[in-house]
Amino acid sequence: MNIAEYSGVWVFIEVKDGKIVPVSLELLGAGKRLAEKRGVELSGILVGYGVKPLANTAFEYGADAVYVYDDPIFKLYRTETYMRAIIECTNRHKPEIILYGATSTGKDLASAAATDLATGLTADTTILDIDADTGLLQASRPAFGGNIMATILCKKHRPQMATVRPKIMKAMNPIPGRKGEIIEEKISIREEDVRTKVLEIVKSATKQVRIDEADIIVAGGKGLGDAKGFGLIHDFAETIGATVGASRDAVEAGWIEHHHQVGQTGVTVTPKIYFAIGISGAIQHLVGMQNSGLIIAINKDPDAPIFNSCHYGIVGDAFEIVPMLIEQFKRVLT
Ligand code: FAD
């Protein structure tokens with residue numbers, strides 16, 4: 001591989017319900033900073049059906065160019081078709097770096113593309129920097145259960161790829177009307193050649209929450225005792241307009257669905273405020289929420305490890321404290 005042939009920073013622009021997802025806009029901001037330091041262009045790669053107009057949003061958020069794959073074959077996300085677009089575009093234009101949001105789509109796509117492109121991928125990055133001279137991407141992420149930050153380099157292969165956690169990087173202030181170059185691309189596969197068919201999409205009967213996008217999370221753990229006790233978490237969350245999160249033990253007890261689980265085997269969240277109620281603070285939970293802006297813990301055990309990782313701690317029984325908080329917030333908010 002001739003590394004010198006590769007140039008430019010790319011961001012995979014993920015689209016959901018006809019809009020660019022927030023993490024992609026954040027990555028355009030982060031990618032812009034890398035591109036400026038390296039003295040190269042920032043490009044987006046936009047894949048979907050009817051998505052071309054969204055390139056204008058990408059320009060406003062910092063992209064200089066956008067590679068667009070707009071085709072009915074991309075109407076619904078399938079690893080097979082989207083990775084083909086990434087691979088063909090990469091092989092044709094040879095970017096030095098590709099960044100993806102660490103969403104379920106971004107993680108799936110980046111890992112599949114990295115395998116086929118035989119290059120390295122750093123997952124769940126929280127800090128990005130670049131060596132301006134060599135173009136070596138420095139992708140840092142918590143490792144060993146969050147005890148150290150590891151900076152991962154991909155010295156011998158291109159493109160260098162990373163998935164980046166939502167809400168960590170800062171999007172640029174959009175510049176309305178900012179223009180860039182749209183490069184329309186065509187995919188070489190046809191629908192008949194695609195092995196995966198989406199037959200039906202069954203929406204969950206309950207409203208699916210995106211806890212990784214929430215500004216305020218009220219999370220409950222095993223300390224709530226039972227499903228009825230966990231109802232207190234829902235009541236508090238509803239009062240203050242928060243999203244409900246949970247520890248794995250609360251999920252495994254069947255009190256709440258898995259997509260509310262925060263932690264190593266759940267979702268990584270970075271809300272502005274995180275309430276941890278009746279949660280002991282096991283490392284596997286902490287790695288999923290320790291970057292929250294403000295962490296408030298309520299636990300009846302003064303020695304619970306969560307008190308080492310919170311900004312404010314209240315020692316006491318959740319069933320006494322939370323109803324008081326609900327009452328006070330209701331007074332203030334209504
Ligand atoms: P507990 O540890 O039982 O803590 C309950 C807490 O509630 C205690 O601190 C207790 O003092 C307090 N309490 C009890 N009654 C009250 C009351 N009335 N008022 C106030 N406080 C009260 N865990 C996750 O959360 N997310 C993960 O993604 C995850 N992934 C894992 C992956 C692996 C490979 C492994 C091995 C474990 C993982 N775990 C995960 C599990 C983790 O190790 C802990 O077992 C789990 O987080 C504990 O959940 P908890 O804090 O709700 O329960």
K37/D129 under salt bridge (Lys or Arg N to Asp or Glu O under 4.0 Å): CA gap, chis, key distance, verdict | CA-CA 9 Å; K37 202 164 167 186; D129 204 350; 2.8 Å; yes

Option from T270, D215, T268 for which side chain to side chain donor-acceptor pair (under 3.5 Å) with K167 holds |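 Single pass found, and it is D215.
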
Quick one: does V262's side chain get under 4.5 Å of H285's, heavy atoms only?
->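 Yes, close enough: below the 4.5 Å cut-off.
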
Is there side-chain contact between Y77 and V198, with at least one heavy-atom pair below 4.5 Å?
->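 They are not in contact (no side-chain heavy atoms under 4.5 Å apart), so the answer is no.
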
If you draw a 6.0 Å radius around [atom1] in [X], do more than 12 non-hydrogen atoms from other residues or ligands fall strictly inside?
{"X": "K155", "atom1": "NZ", "result": "no"}
{"X": "E5", "atom1": "CD", "result": "yes"}
{"X": "Q328", "atom1": "CD", "result": "yes"}
{"X": "F319", "atom1": "CZ", "result": "yes"}

Working to the nearest 0.5 Å, report the span between [atom1] of [X] and [atom2] of [Y].
{"X": "L286", "Y": "Q264", "atom1": "CG", "atom2": "CD", "result": "11.0 Å"}
{"X": "L117", "Y": "R158", "atom1": "CG", "atom2": "CZ", "result": "13.0 Å"}
{"X": "L136", "Y": "C154", "atom1": "CG", "atom2": "SG", "result": "8.0 Å"}
{"X": "Q261", "Y": "Q284", "atom1": "CD", "atom2": "CD", "result": "10.5 Å"}
{"X": "L42", "Y": "I97", "atom1": "CG", "atom2": "CD1", "result": "10.0 Å"}

Should [X] and [Y] be regarded as members of a common hydrophobic cluster, given that ILVMFWY residues are connected when their side-chain heavy atoms come within less than 4.5 Å of each other, either directly or indirectly?
{"X": "I86", "Y": "I13", "answer": "no"}
{"X": "Y82", "Y": "I189", "answer": "yes"}
{"X": "L46", "Y": "V164", "answer": "yes"}
{"X": "I298", "Y": "I326", "answer": "yes"}
{"X": "Y312", "Y": "I277", "answer": "yes"}

Polar side-chain atom of [X] near backbone of [Y] as donor-acceptor pair, under 3.5 Å:
{"X": "R78", "Y": "I73", "value": "yes"}
{"X": "T103", "Y": "G106", "value": "yes"}
{"X": "S247", "Y": "I279", "value": "no"}
{"X": "K272", "Y": "I216", "value": "no"}
{"X": "T125", "Y": "I127", "value": "no"}
{"X": "R141", "Y": "A123", "value": "yes"}
{"X": "T239", "Y": "D235", "value": "yes"}
{"X": "S111", "Y": "D108", "value": "yes"}
{"X": "Q160", "Y": "L137", "value": "yes"}
{"X": "H260", "Y": "V244", "value": "yes"}

Show your working on side chain to side chain contact (heavy atoms under 4.5 Å, CB included) between D131 and Q138 and close with a plain yes or no.
-> CA-CA 8 Å; D131 181 320; Q138 297 155 359; 4.1 Å; yes

In terms of ring plane angle, is the pair [X] and [Y] parallel, tilted or perpendicular, where the classes change at 30° and 60°?
{"X": "F275", "Y": "F236", "answer": "perpendicular"}
{"X": "Y67", "Y": "W10", "answer": "tilted"}
{"X": "Y100", "Y": "F12", "answer": "tilted"}
{"X": "F74", "Y": "Y69", "answer": "perpendicular"}

Charged N to carboxylate O under 4.0 angstrom, [X] versus [Y]?
{"X": "R210", "Y": "D212", "result": "yes"}
{"X": "K186", "Y": "D70", "result": "no"}
{"X": "E80", "Y": "R195", "result": "yes"}

Among all residues two or more places apart in sequence or in another chain, which pass the salt bridge (Lys or Arg N to Asp or Glu O under 4.0 Å) test with K156?
->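 For K156, no residue satisfies salt bridge (Lys or Arg N to Asp or Glu O under 4.0 Å) once neighbours in sequence are set aside.
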
Taking only residues two or more places apart in sequence or in another chain, which ones pass salt bridge (Lys or Arg N to Asp or Glu O under 4.0 Å) with R165?
->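 Partners of R165 by the salt bridge (Lys or Arg N to Asp or Glu O under 4.0 Å) criterion, ordered by chain and then number, come out as D124.
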
Specify the closest pair of heavy atoms between [X] and [Y], including all atoms of both residues, with the distance to one decimal.
{"X": "V251", "Y": "E257", "result": "CG2-O, 4.0 Å"}
{"X": "A242", "Y": "V218", "result": "CB-CG2, 3.8 Å"}
{"X": "S24", "Y": "V11", "result": "O-CG1, 4.0 Å"}

Can you pull the side-chain hydrogen bond (donor to acceptor under 3.5 Å, both in side chains) pairs that have at least one residue in residues 170-185, sequence neighbours excluded?
->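 As it turns out, the side-chain hydrogen bond (donor to acceptor under 3.5 Å, both in side chains) pairs with a partner in residues 170-185, which skip direct neighbours, are K52-E184, D64-R178, R92-E185, H93-E185.
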
In sequence, state the C-alpha distance, the side-chain angles, and the governing distance for S292 and I295, and then conclude on side chain to side chain contact (heavy atoms under 4.5 Å, CB included).
-> CA-CA 6 Å; S292 305; I295 300 170; 3.9 Å; yes

